[in-house]
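Below is one structure, written out as structure tokens, with a few remarks after it.
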Amino acid sequence: LGPVRLGMTRLQARRQFARVSTRGRRYMDFFCTGDNGIRAGYPSPKLLRSPSPAQQRWLRGRVVLILASSRHYALRGVRPGTPLATVARRLHVSRRYPVGLNTWYLVPDGPVRGVLKVRHGLIEEVGIADAIFGASQHEANKFFRSFR
């Protein structure tokens, strides 16, 4: 998604942008692109308990979630600002995962999972996530809650 890729290290992702902020979140970076920005999420130690030891070593400190709020980016033709109701069936969205004020949805998208962040029925952010963390409902719920 833009210059950030799943699997990049935190340092590699940060080198792509002039301005980076964590906004007080330990496992999330916010990158300013001039029009709303991009967020990159990294797995917390709690989130890393599920994968195998080899996967844990590889995933530690790497991008596992990328979100964009800019209308420049789209997930299978769907852009932020689109009502979820108009595209939910076409995208085959998963069950909902409410976390705080937002509701999250997973979308099958080949080797990765598409991610929709929705508030009040409108898609606020689109993105992609590492498929290893959305394999079950429990894993997906734990995944979204780890980025609060």
Side-chain angles (χ1 to χ4, degrees), residues 1-8 10 12-13 16-17 19-52 55-56 58-148:
L1 201 67
V4 182
R5 305 271 183 264
L6 291 176
M8 276 184 152
R10 190 171 216 158
Q12 288 172 330
Q16 301 298 316
F17 297 92
R19 289 190 288 175
V20 180
S21 172
T22 62
R23 296 186 191 170
R25 296 197 182 182
R26 193 170 180 184
Y27 303 106
M28 183 80 64
D29 281 342
F30 297 81
F31 304 109
C32 182
T33 62
D35 61 342
N36 299 343
I38 295 174
R39 292 197 289 165
Y42 308 92
S44 65
K46 184 176 181 179
L47 193 59
L48 282 173
R49 289 185 200 149
S50 301
S52 70
Q55 290 171 322
Q56 288 176 18
W58 191 84
L59 288 168
R60 191 171 288 114
R62 294 187 180 266
V63 176
V64 294
L65 172 69
I66 308 168
L67 296 166
S69 57
S70 170
R71 292 192 50 82
H72 176 74
Y73 298 102
L75 175 66
R76 294 174 52 197
V78 176
R79 299 182 186 288
T82 306
L84 178 67
T86 62
V87 296
R89 181 171 282 150
R90 180 167 59 96
L91 290 180
H92 306 287
V93 298
S94 69
R95 73 189 260 329
R96 53 192 223 105
Y97 298 96
V99 179
L101 298 174
N102 304 310
T103 303
W104 297 83
Y105 296 89
L106 289 172
V107 177
D109 197 30
V112 298
R113 302 244 193 261
V115 177
L116 301 174
K117 177 184 146 190
V118 178
R119 188 181 293 182
H120 305 299
L122 289 179
I123 298 170
E124 286 195 342
E125 292 180 272
V126 298
I128 55 175
D130 196 307
I132 195 170
F133 295 110
S136 70
Q137 289 180 1
H138 175 73
E139 287 296 316
N141 200 25
K142 187 167 70 168
F143 179 73
F144 290 125
R145 290 185 183 284
S146 74
F147 296 108
R148 277 196 196 169

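Basis for what follows: all heavy atoms, side chains included, without hydrogens, waters or symmetry-related copies.
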Test item: [X] side-chain N/O and [Y] main-chain N/O as donor-acceptor pair under 3.5 Å:
X      : Y      : value
Arg25  : Phe147 : yes
Arg71  : Pro80  : yes
Arg60  : Ser44  : no
Arg113 : Gly110 : no

What is the minimum heavy-atom distance between [X] and [Y], and which atoms define it?
X      : Y     : result
Ala40  : Val4  : CB-CG1, 4.4 Å
Ile66  : Leu6  : CD1-N, 3.6 Å
Glu139 : Ser50 : OE2-OG, 2.9 Å
Gln12  : Gln16 : O-CG, 3.4 Å
Phe133 : Leu59 : CZ-CD1, 3.8 Å
Ala13  : Val63 : CB-CG2, 4.2 Å

Is there side-chain contact between [X] and [Y], with at least one heavy-atom pair below 4.5 Å?
X      : Y      : answer
Val64  : Phe143 : yes
Leu116 : Trp104 : no
Leu65  : Tyr27  : no
Trp58  : Ser52  : no

Would you say Arg19 has more than 12 foreign heavy atoms packed within less than 6.0 Å of its CZ?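 Check fails, neighbour count at 12 or below.
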Worked check of side chain to side chain contact (heavy atoms under 4.5 Å, CB included) between Leu91 and Tyr105: CA-CA 10 Å; Leu91 290 180; Tyr105 296 89; over 6 Å; no
Before giving the answer on side chain to side chain contact (heavy atoms under 4.5 Å, CB included), spell out for Val115 and Leu106 the whole-Å C-alpha distance, their side-chain angles and the decisive distance to 0.1 Å. CA-CA 5 Å; Val115 177; Leu106 289 172; 4.0 Å; yes
Supply the atom-to-atom distance Arg10 CZ to Arg62 CZ, rounded to the nearest 0.5 angstrom. 13.5 Å
Taking atom CZ of Phe30 and atom CZ of Arg23, what is their separation to the nearest 0.5 Å?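 Here the interatomic distance stands at 5.0 Å.
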Within residues 79-96 or reaching into it, pairs that qualify as side chain to side chain donor-acceptor pair (under 3.5 Å) - sequence neighbours excluded: Arg95-Gln137
Scan for side chain to side chain donor-acceptor pair (under 3.5 Å) pairs involving residues 124-136, sequence neighbours excluded, and state none if there are none.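 Qualifying pairs: Arg39-Glu125, Lys117-Glu125.
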Apply side chain to side chain contact (heavy atoms under 4.5 Å, CB included) to the pair Asp29 and Thr22, showing each step before the final yes or no. CA-CA 5 Å; Asp29 281 342; Thr22 62; 3.6 Å; yes
Could you please spell out the steps behind the side chain to side chain contact (heavy atoms under 4.5 Å, CB included) verdict for Tyr73 and Ile38? CA-CA 10 Å; Tyr73 298 102; Ile38 295 174; 3.6 Å; yes
Aromatic plane relationship, Phe17 with Phe31 - under 30° parallel, 30 to 60° tilted, over 60° perpendicular: parallel
